[in-house]
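Here's the structure we're looking at; comments come further down.
In the text below, chain A, chain B and the rest are named by the order of the sequence lines, each starting its count at 1.
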Amino acid sequence: MDYDSRRIEEKWQAYWAANGTFKVKEDENKPKYYVLDMFPYPSGAGLHVGHPLGYIASDIYSRYKRLKGFNVLHPMGYDAFGLPAEQYAIQTGQHPEKTTSDNIARYRSQLDRIGFSYDWDREVRTCDPAFFKWTQWAFLKMFDSWYDKAADKARPISELVGLLATEGYDDITPEAWNAADDKTKSDILMRYRIAYQGETSVNWCEGLGTVLANDEVKDGLSVRGGFPVEQKKMTQWQLRVSAYAGRLLDSLDSLEWSDSLKEMQRNWIGRSEGTEVVFNTECEGKTIPVTIFTTRVDTIFGVTFMVLAPESELVGSLTSDAQKAEVEDYLNYVKKKTERERISETKSVTGVFSGSYALNPLTGEKVPVWISEYVLAGYGTGAIMAVPAHDSRDYAFARKFGLPVVPIIEGCDVSEESFDAKEGRMCNSGFLNGMDVKQAIEAAKDYVEAHGLGHRKTNYRLRDAIFSRQRYWGEPFPICYKDGVATPLPESELPLLLPAIDSYKPTGEAPLARAKNWSWNGYPIETSTMPGFAGSSAYYLRYMDPHNEAELVSRRANDYWQDVDLYIGGTEHATGHLIYSRFWNKFLYDLGYVCKDEPFRKLVNQGMIQGRSSFVYRIVGTNTFVSAGLRNNYDTTEIHVDINIVRNDRLDLDAFKAWRPEFADAEFILEDGEYICGWAVEKMSKSMFNVVNPDDICNTYGADTLRLYEMFLGPLEQSKPWDTKGIDGVNRFLKKFWRLFYDKDNWLVTDEKATPAELKELHKLICKEQEDIESFSYNTTISAFMIAVNELSALKCNKREILEPLVILLSPFAPHVAEELWHLLGHDDSVTYARFPDYVAEYAAEDKVIYPVQFNGKMRFTVDLPKTTSPADVEATVRAMEQTSKYVEDKQIVKVIVVPGRIVNIVVK
RNA sequence: GCCCGAGUGGCGGAAUGGUAGACGCGAUGGACUCAAAAUCCAUUGUCCCUUAAAGACGUGCCGGUUCGAUCCCGGCCUCGGGCACCA
């Protein structure tokens, strides 16, 4: 019997499905292990060979953990709400639900062919009402909570109401609160809710007709669709993520994530420790205090002007009558700019004088107040003190508008550029003179606080998440408006389903506004929907208890599964999903709904699989194509060619002629009778004809080969191009493995006792595989497997004692062929429930042992010798070398190379 | 501009201070075969050379530490990723 991947794979996939092999439930007798993939957005293009990379890695790990005796939760689902399905609906008029479920069906059939060990009974879809009920529920909880800074956690809003009525909170006295009417009370509470409605500067995308979160915008364009984005002030639902900034930052340390990913999150959260200082500002005879934020309060003696953000609320009151017209012109100019223009013009300096002057609180000096877009309204206080001598942006501004530059570091040269001093000795700085910079920073902070001029302050760059989208295909908000007051729907009304609408086309208003009777008890319902990240923020919790209709997750299920032990997915979610999810989880933790503060304990980022495009070279103005090696002799154009008609860089000429009508009468200039194509590594995409479909690989080689090959390609976390060339190697390995069991139609396995040499091969492999899988070095495990199989083939080892453990070892990587052989070995149960073999240290140990030796009485070396060699033998060998070596007399010996049993070389200088 | 990561044969990649290039692909030669496929065996970093032996060179570049560096340290170059007026 030959190895027949298709027969085996169909057979065992059907078996696993029929027997519920991968179903799991809570089992107190076994330790749990939760392995999660970032669930896919089911796009219309289907899966290409890059998508399953992470899924294969996590599946191998899941299967390995099961063999190690863990109760493994390994689920899969779909992130199914979102813009592309809606854009498609706009073009075709189809309901997004239809396209989404079609796409899901296609994804599922592609996934099924690869032989994943998912418990499909736990599948979730974010667009399923039974699922998004809990997304809406979480939103209501956030609406109904506030962040207590003293306790540093979220608490029910009722507790804040109690506090306001008795003691007051912030600047609100109990008298004021108790005297307030309902509308005022509602407005006050809205300032504290975790999910709140507020006016903010948002990324407005005209092309998509919706606002976008910061991580959905890149270089001033929308990530989905690439439409320009502008800044606009709008009232939107927001999540108070910023309240969690400190905790999100601090608990990063406890996570087993890659350093680069943690660093990305740290940068995104952007903690900076500085000082808020109040500058009194005079305008038209009035004195108005302006608070600024700076990390370098020590440079305050170098302040020569102040700058406000154009959007700052103080701009109006600080503009003098004389400057009014000019300021208004400038504000209009800034408003008109799109985000993209603002980014691309960061080099150009713009601004306008407000007409007012501020008093430096330390020197009493009068400095002008300017307005410029280089100061951002959303960060710090939207106002800065400018120290042109020591800040490059302030410097550029001062040079442009002829403002003075006062250096405060001894000996620095600021004639050409600013001196961004992190060290040096202070001068021109009153009591700070003579101190070095580090000292001065602390001294200045102390001084400012001691004199009541300001206080230390920690700022974060992380903004609150804008939570509403003016789109259709998302979760509706369970909020209605009673006399303009946002009021939550009762939990019993959840899930609040999407209404039917006639057309998905954007008209400038939210699509839900066009729905008939979009109201609850006569009150109009919110017409925005939630963004894509809403549904993906807590899906890992739902997998623990996916059919629970009463709770997001039961206490019992949550206590058992706890958190995700291993999360595998791409880096592209570093500042989106992975921040929101952590926030969402911490919120639920604060309210006692989940037992873990952090959702994802260990996280591995798989690299991207790029495409390998092939090219042909057409001689300009002809229909003649030159082979790659000869193309420099001609003037040619490079043309992408479908990689399906190229094999090992050789073009199939007939297939090429048939590929496109315009190539039907193509002529070729060959080298050695063949047409060699050029190639390049590019993103895998349809337009470059370099997409490889996993279905095709499964048809030709089988899923086991695909799985092995994807892992063999290189380190998991590294990006690498897909090149089908090498796949024959792992396919051969599987065939060779098969031949240890079968020779033609003869079953070879015997019950003979294994020899030490055979045991050694086996145990070396067990040891290696265990080490490698724990560190995700799957590629080297497969190499070790190939070596072991080659050796065992050479030894003609067909012994059950060796082969049975070998099948278990192979099963995480190539589960179908392992399952087949496992049953052929006489087992009735799935190999899934086998036990990972233990290795015997003595067999698995290295052959070599390293001894340090003196050579010629002068130098110390270490030599590698067989384990069986005694130190005395080593000494004797080296002494013998001293006697016999021709180099010892007059030359310096640098290196003695000894391989087990043999002196190979003596290196001399 | 700032912060990460990487640079090794024709190609994907091994090697965490000790025989650089494991394993695989590709290539060349051979066995089996009428032939092909499949399979098996051998060779395969570069230079010198008819070949071999022997030797020299060799992990982006320059320097350092060490008996010994792909690996550790300092400086540069190139590529990839992230952030980008964050005061």
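Among the nucleotides B:C83, B:G26, B:A14, the one closest to any side-chain atom of A:T575 is B:C83. Here B:G24 is the nucleotide among B:A87, B:G24, B:C40 with the atom lying nearest to any side-chain atom of A:F712. Minimum atom distance to the side chain of A:F293 is reached by B:A87, of the listed B:A87, B:C40, B:G13. Side-chain atoms of A:K735 lie closest to B:U39 of the nucleotides B:U39, B:G13, B:C25. Of the candidates B:A87, B:C83, B:C25, B:C83 carries the atom nearest the A:W268 side chain, counting heavy atoms from C-beta on. When each of B:C25, B:A87, B:A84 is scored by its nearest atom to the side-chain atoms of A:R461, the top-ranked nucleotide is B:A84.
Residue A:P721 is classed as having no contact, given no heavy-atom separation below 4.0 Å to the nucleic acid. Residue contacts for A:D259: at a heavy-atom cut-off of 4.0 Å it reaches no nucleic acid atom on any strand shown. Nucleic acid contact for A:R271: none, since no nucleic acid atom lies under 4.0 Å from a heavy atom of the residue. Base engagement by A:I384 is indicated by at least one non-hydrogen atom pair under 4.0 Å involving a base atom. The residue A:R739 sits close only to the backbone: its heavy atoms come under 4.0 Å of sugar-phosphate atoms, none of a base.
As a whole-Å value, the separation of A:E717 CD from B:G81 C1' is 14 Å. The distance between atom CD of A:E710 and atom C1' of B:G12, rounded to the nearest whole Å, is 14 Å. Remark: P of B:G12 and CG of A:N731 are 22 Å apart, rounded to the nearest angstrom. What separates CZ of A:F733 from P of B:C23 is a distance of 14 Å, to the nearest Å. As a whole-Å value, the separation of A:Q610 CD from B:G81 C1' is 11 Å. Whole-Å rounding puts the A:D723 CG to B:G13 C1' distance at 13 Å. Atom CD of A:Q265 and atom P of B:G81 are 20 Å apart (whole Å). The distance from atom CE of A:M608 to atom P of B:A6 is 18 Å, rounded to the nearest whole Å.
A cation-pi arrangement, defined by a distance under 6.0 Å to the six-membered ring centre and an angle within 45 degrees of its axis, is present between A:R582 and A:W257.
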query = Dot-bracket for RNA chain B: what is it, with Watson-Crick or G-U pairs under 3.5 Å, [ ] where a pair crosses earlier ones, and | for a pair to another strand?
reply = (((((((..(((.....[....)))((((((.......))))))(((.......)))..(((((..]....))))))))))))....

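Phosphate proximity of B:G81 to A:S260: absent, as no side-chain N or O sits under 4.0 Å from OP1 or OP2. Within the structure, every side-chain polar atom (N or O) of A:Q718 is placed at least 4.0 Å from both OP1 and OP2 of B:G80. Contact annotation: A:R266 side-chain N/O to B:G82 OP1/OP2 distance is not under 4.0 Å. Look at A:Y379 and you'll find a side-chain N or O under 4.0 angstrom from OP1 or OP2 of B:A87.
With no hydrogens or angles considered, no side-chain donor-acceptor pair links A:T571 and A:N605 at under 3.5 Å. A donor-acceptor contact closer than 3.5 angstrom is absent between the side chains of A:D391 and A:S418. Side-chain contact, A:Y379 with A:S272: a donor N or O sits under 3.5 Å from an acceptor N or O. In this model, no donor atom of one side chain and acceptor atom of the other lie less than 3.5 Å apart for A:D2 and A:Y742.
Nucleotides B:C73 and B:G18, compared at atom P, are 16 Å apart to the nearest Å. Rounded to the nearest Å, the gap between the P atom of B:G9 and that of B:C62 is 16 Å. Comparing the same atom, C1', in B:U8 and in B:C79 gives a spacing of 15 Å after rounding to whole Å. Comparing B:C40 with B:C47, their C1' atoms sit 34 Å apart, to the nearest whole Å. The same atom, P, is picked in B:U39 and in B:C49; the two are 40 Å apart, to the nearest Å. B:A27 sits 40 Å from B:C77 when the P atoms are compared, rounded to a whole Å. B:G45 sits 14 Å from B:A20 when the P atoms are compared, rounded to a whole Å. When the P atom is used for both B:G75 and B:A87, the distance is 25 Å, rounded to whole Å.
Heavy-atom nearest nucleotides on RNA chain B were determined for A:I727 and for A:R612, and the one closer to the 5' end corresponds to A:R612. Closest-nucleotide positions on RNA chain B for A:E263 and A:K725 were compared, and the one nearer the 5' end corresponds to A:E263.
Listed in residue order, the members of residues 775-787 of chain A having a heavy atom less than 4.0 Å from RNA chain B are A:N779, A:T780, A:S783, A:M786, A:I787.
Heavy-atom neighbours of A:E417 CD from other residues, nucleotides or ligands within 6.0 Å: at or below the threshold of 12. In the displayed structure, A:E313 atom CD is contacted under 6.0 Å by at most 12 heavy atoms of other residues, nucleotides or ligands. More than 12 heavy-atom neighbours from other residues, nucleotides or ligands sit within 6.0 angstrom of CG on A:D253.
Across A:P715 and A:N779, no two heavy atoms sit closer than the pair N-ND2, 3.7 Å.
Interatomic distance, CG of A:L708 versus CZ of A:F737, reported as 10.5 Å (0.5 Å rounding).
Base orientation at B:G9 is syn, since its O4'-C1' glycosidic dihedral falls within 90° of 0.
Under the 30°/60° scheme for interplanar angles, the aromatic rings of A:Y333 and A:Y330 are found to be tilted.
Contact annotation: the side chain of A:Y395 approaches that of A:R399 to within less than 4.5 Å [non-hydrogen atoms, C-beta and beyond].
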